[in-house]
Amino acid sequence: MKTATWLVAVTSLAVVGGGAYLAGAQGVGQQQLHMLFDMAVAEAQPSKPEGSGPVIYYRHPDGLPEYSAKPKKTPDGREFVSVRESEDISFTASGIKTAETSDQPKTSATVSAATERKVLYYRNPMGLPDTSKVPKKDSMGMDYVPVFEGDQADASTVKVSLGKLQRTGVRTATAKMASISRKIRVPGTVALDERLISVISMRTDAFIDDVSNVTTGDRIGKGESLFSFYSKEIATAGAEFAAGKGDFRNSDAGSALRLKNLGVPDEVVRSIAEKRQVPTSIEYFSPRNGVILERMVTTGMMAKPGDPLFRIADTSHVWVMADVPEFDLASIQKGVPVAVTVRSLPGRSFEGTADLIYPEIQQETRTTKVRIELPNPGGLLMANMYADVEIEAGVQKPVVAVPNSAVIDTGDRQVVFIDKGDGKFEPKDVSLGMRGEEQTEITKGIAAGDQVVVAANFLLDAESNLNSALSGMAIDEVKP
């Protein structure tokens, strides 16, 4: 067929060439020669069947990328060529790729199915926010992509072919019922347990005769002597008790009870009952094991009732006061395990529990004190040490959870993409709960068992936003 067409064209050119010679001899004009040439070329081209169906648009007669929805003329007065519905098949079959079939081979069934659907509008092939109601080419000569009726049911839904899924690295995971856990790492300070601190003072006027060889910072055991004193009131009560007016075995009776009320140790009362003699100087013994925090007593001084003479602290158990930010308070519960490390003891870790969450927020730092109780064998932890605190936090009961990477958090909204199958991905607005080390709680939006996108979801989100924007622009343009 091509050979025959070529022969006809060559023959036509030869005829026209000979005609030119004759025309020169007979005076035929140049315009008539062009008309003869056009007729010869038209006869040489194969006949094209006339299109059927309604006229859907008009194109430039010279094949330029200019189209019109209504009849139109070129600047030199020629009419645009009408394109009917049946003739528009070449537009779809010419290699245009849509989001659904860009990586799939075209078949006659595919082209037929595409032409049966109504084209709503044409969008820019490079994804720019530009649409057209008629076929169009961009500045690089690329055809605009048709958007068919039915593709806009959910403009935010993204359709991706299998090839693109593999290239972009889209991966999915299943939303499951799980417990959310994470670790909160905050600073803390070691403090003494207030319940294990004793203040030594007198209940009556007394003169200090002698003070034991102990100073601030020394460790002292329970029952060890602190100082000796003389008190006139205690001596009088002791004399009455020694004279037989009291009985130590009946601790609620008479002089024995008076001695106890004056703060005389049981050991001294027992000695008076046995010896029937009041000592000139009475010894005062330490009520607990611990460290002397303060020594305010000196030999020869007179102690008034209530004057603090010693402060002793038991350091076998200590507190760690952790500063927890306000936004983490909801994830901490009383009794959760805590691990504490201090910089002065590298490699050592102390295990304890969160004993109390203080009902007050520091206005300057927006933090709350959380008290942790720790055993302190050997007294390694000292007051005011700086500590690093790691608190177990989270939700113990199972909740709907997805991997952290599945959530796109823009600040104003949180989105998770659901895999609907066949390359379709639908964005879902969700409400978030607890965020753990690896998973995030979803309180609203999806259910356990849904397939969620955990990788390349930002690409899907960009495509979804673009589709929604184009859809809105196209609807405004298509409206009469």
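Just so it is clear, the values below take in all heavy atoms, side chains as well, and ignore hydrogens, waters and symmetry mates.
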For [X] against [Y], the heavy-atom pair lying closest together:
X    : Y    : result
A354 : Q333 : CB-O, 4.2 Å
S179 : Q439 : O-OE1, 4.3 Å
P325 : V186 : CD-CG1, 3.7 Å
Y230 : A235 : CE1-CB, 4.1 Å
D328 : S331 : O-OG, 2.8 Å

How would you list, by chain and number, every residue that makes a salt bridge (Lys or Arg N to Asp or Glu O under 4.0 Å) with [X], sequence neighbours excluded?
X    : answer
E392 : K183
D429 : R413
D355 : R371
E233 : none

Could you list the residues that satisfy side-chain contact (heavy atoms from CB on, under 4.5 Å) with [X], not counting sequence neighbours?
X    : value
E438 : none
T315 : L192, R219, V291, N376
A173 : P403, V454
T341 : S349, D388

- request: Determine, stepwise, if the pair V399 / I180 fulfils side chain to side chain contact (heavy atoms under 4.5 Å, CB included).
  value: CA-CA 8 Å; V399 295; I180 306 297; 3.8 Å; yes
task: Any ring pair (Phe, Tyr, Trp, His ring centres under 6.0 Å) involving residues 181-218? Give me the pairs, sequence neighbours left out, ordered by first then second residue.
output: none
statement: Residues pairing under ring pair (Phe, Tyr, Trp, His ring centres under 6.0 Å) where one sits in residues 270-320, two or more places apart or in two chains, turn out to be F227-Y284
- prompt: Side-chain donor-acceptor pair under 3.5 Å between D210 and S228, yes or no?
  reply: no
message: Applying side chain to side chain contact (heavy atoms under 4.5 Å, CB included) to I357 and T368, what does each step give before you reach the verdict?
response: CA-CA 7 Å; I357 300 174; T368 296; 4.2 Å; yes
message: Between K428 and E426, does the side chain to side chain contact (heavy atoms under 4.5 Å, CB included) criterion hold? Intermediate values first, please.
response: CA-CA 6 Å; K428 286 283 190 180; E426 180 183 359; 3.8 Å; yes
message: Applying side chain to side chain donor-acceptor pair (under 3.5 Å) to T410 and D412, what does each step give before you reach the verdict?
response: CA-CA 6 Å; T410 65; D412 295 332; 5.5 Å; no
field: Heavy atoms from other residues, nucleotides or ligands near CZ of R182 exceed 12 (cutoff 6.0 Å)
entry: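 It does: R182 CZ has more than 12 such atoms within range.
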task: For M382, look at atom CE and say whether over 12 heavy atoms of other residues, nucleotides or ligands are found less than 6.0 Å away.
output: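 Check fails, neighbour count at 12 or below.
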query: Which residue pairs pass the salt bridge (charged side-chain N to carboxylate O under 4.0 Å, His left out) test with at least one member in residues 329-341, sequence neighbours excluded?
result: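 Residue pairs with at least one partner in residues 329-341: there are none.
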Non-neighbouring partners of T216 that pass side chain to side chain donor-acceptor pair (under 3.5 Å), sequence neighbours left out: none
- request: Go through the steps to decide whether M296 and L309 satisfy the test side chain to side chain contact (heavy atoms under 4.5 Å, CB included), and finish with yes or no.
  value: CA-CA 5 Å; M296 289 81 72; L309 304 179; 5.7 Å; no
message: Could you check whether any side-chain N or O of S212 sits under 3.5 Å from a backbone N or O of V214, counting only pairs where one atom can act as donor and the other as acceptor?
response: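 Such a contact is absent between S212 side chain and V214 backbone.
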Trace of the side chain to side chain donor-acceptor pair (under 3.5 Å) decision for S201 with D307: CA-CA 5 Å; S201 63; D307 288 346; over 6 Å; no
query: Between S198 and R288, is a side chain to side chain donor-acceptor pair (under 3.5 Å) present by the stated rule, with each step listed?
result: CA-CA 8 Å; S198 297; R288 64 169 68 247; 2.6 Å; yes
